[in-house]
Amino acid sequence: MADVHTRAQRSYNMSRIRGRENQTTEVRLVALLKKWHMTGWRRRSNLFGKPDLVFPETKVALFVDGCFWHHCPRCNLKPTSNRKYWTAKFARNQKRDKEVNRTLRSRGWQVLRIREHELRNADRVQKRLQRFLGT
């Protein structure tokens, strides 16, 4: 089905959409951090790449990546329509993620990315976080 908007109008419309937070993954991780009594983290950082959570004391930037949007190879969620668009979109997202990782690391931050599907095994996430934070 053809788009009812011109390419320029669609681009403008999409550029006006601003994400507020990921309600299914970020909120779930925050609940786990509270359950584990982990402290020292902050949300809504102005740090490059807009990490979901930051641990300023240890300079850890934490991203919770949705399996669809970040094209998780394990979950392999593939759209059935408009594949050319989605293939390019996923490639751009992955390229941006690598650029964010490189930039933050060059500024002295450690970067930790947790995939959405990993939240199903809370114990494993907790151990990974503790190892990463040195707690």
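What's counted below: heavy atoms across the whole structure, side chains too, no hydrogens, waters or symmetry copies. Only a predicted model underlies this, so the values are computations on that prediction, with no experimental measurement involved.
- Annotation: side-chain hydrogen bond (donor to acceptor under 3.5 Å, both in side chains) contacts of Arg128 (sequence neighbours excluded): Glu118.
- Using modelled atom types, no side-chain atom of Thr103 and backbone atom of Val100 make a donor-acceptor pair closer than 3.5 Å.
- Residues satisfying the side-chain contact (heavy atoms from CB on, under 4.5 Å) criterion with Thr6, sequence neighbours excluded, are Ala8, Gln9.
- Although no hydrogens or angles enter the test, the distance criterion places a donor-acceptor pair under 3.5 Å between the side chain of Lys59 and the main chain of Arg107.
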Before you tell me yes or no, could you show the steps for Val30 and Arg43 under side chain to side chain contact (heavy atoms under 4.5 Å, CB included), namely the whole-Å CA-CA distance, both residues' side-chain angles and the distance that decides it to 0.1 Å? CA-CA 9 Å; Val30 166; Arg43 293 171 82 178; 3.9 Å; yes

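- Applying the side-chain contact (heavy atoms from CB on, under 4.5 Å) test to Arg83 and every residue at least two apart in sequence or in another chain returns nothing.
- Under the 4.5 Å side-chain criterion, counting only non-hydrogen atoms from C-beta, Leu29 is not in contact with Trp41.
- For His5, the side-chain hydrogen bond (donor to acceptor under 3.5 Å, both in side chains) criterion is met by no residue, not counting sequence neighbours.
- A distance of 12.5 Å separates OG1 of Thr25 from NE2 of His117, quoted to the nearest 0.5 Å.
- By the side-chain contact (heavy atoms from CB on, under 4.5 Å) test, Arg7 pairs with no residue at all, sequence neighbours left out.
- Side-chain contact between Leu129 and Met38: present, with at least one pair of heavy atoms (C-beta onward) separated by less than 4.5 Å.
- Annotation: side chain of Arg42 is not in contact with side chain of Leu53 (no heavy-atom distance under 4.5 Å).
- We find the CG-OG1 distance between Leu33 and Thr39 to be 10.0 Å, quoted to the nearest 0.5 Å.
- Side-chain contact between Leu133 and Thr58 is present, with at least one heavy-atom pair separated by less than 4.5 Å.
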Show me the donor-acceptor pairs within less than 3.5 Å that the side chains of residues 108-115 make with the rest of the protein, sequence neighbours left out.
residue : atom : partner : partner atom : Å
Arg113  : NE   : Asn101  : OD1          : 3.0
Arg113  : NH1  : Asp65   : OD1          : 3.0
Arg113  : NH1  : Asp65   : OD2          : 3.0
Arg113  : NH2  : Asn101  : OD1          : 3.2
Arg115  : NH1  : His70   : O            : 3.2

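- Between Leu104 and Leu47 there is a side-chain heavy-atom pair separated by less than 4.5 Å.
- The salt bridge (charged side-chain N to carboxylate O under 4.0 Å, His left out) search around Glu116 returns none, not counting sequence neighbours.
- Considering only residues two or more places apart in sequence or on other chains, Ala122 meets the side-chain contact (heavy atoms from CB on, under 4.5 Å) condition with Leu32, Trp36.
- Nearest heavy-atom pair, Pro51 versus Ala61, reported as atom, atom and distance to 0.1 Å: CG-CB, 3.8 Å.
- The salt bridge (charged side-chain N to carboxylate O under 4.0 Å, His left out) search around Arg10 returns Asp3, not counting sequence neighbours.
- Under the ring pair (Phe, Tyr, Trp, His ring centres under 6.0 Å) criterion, Phe90 pairs with Phe68, His71, Trp86, not counting sequence neighbours.
- Counting non-hydrogen atoms of neighbouring residues, nucleotides and ligands closer than 6.0 angstrom, the CZ atom of Arg96 exceeds 12 such neighbours.
- Shown here is Arg74, whose CZ atom has no more than 12 heavy atoms of other residues, nucleotides or ligands within 6.0 Å.
- Within 6.0 Å of the CZ atom in Phe48, the count of heavy atoms belonging to other residues, nucleotides or ligands exceeds 12.
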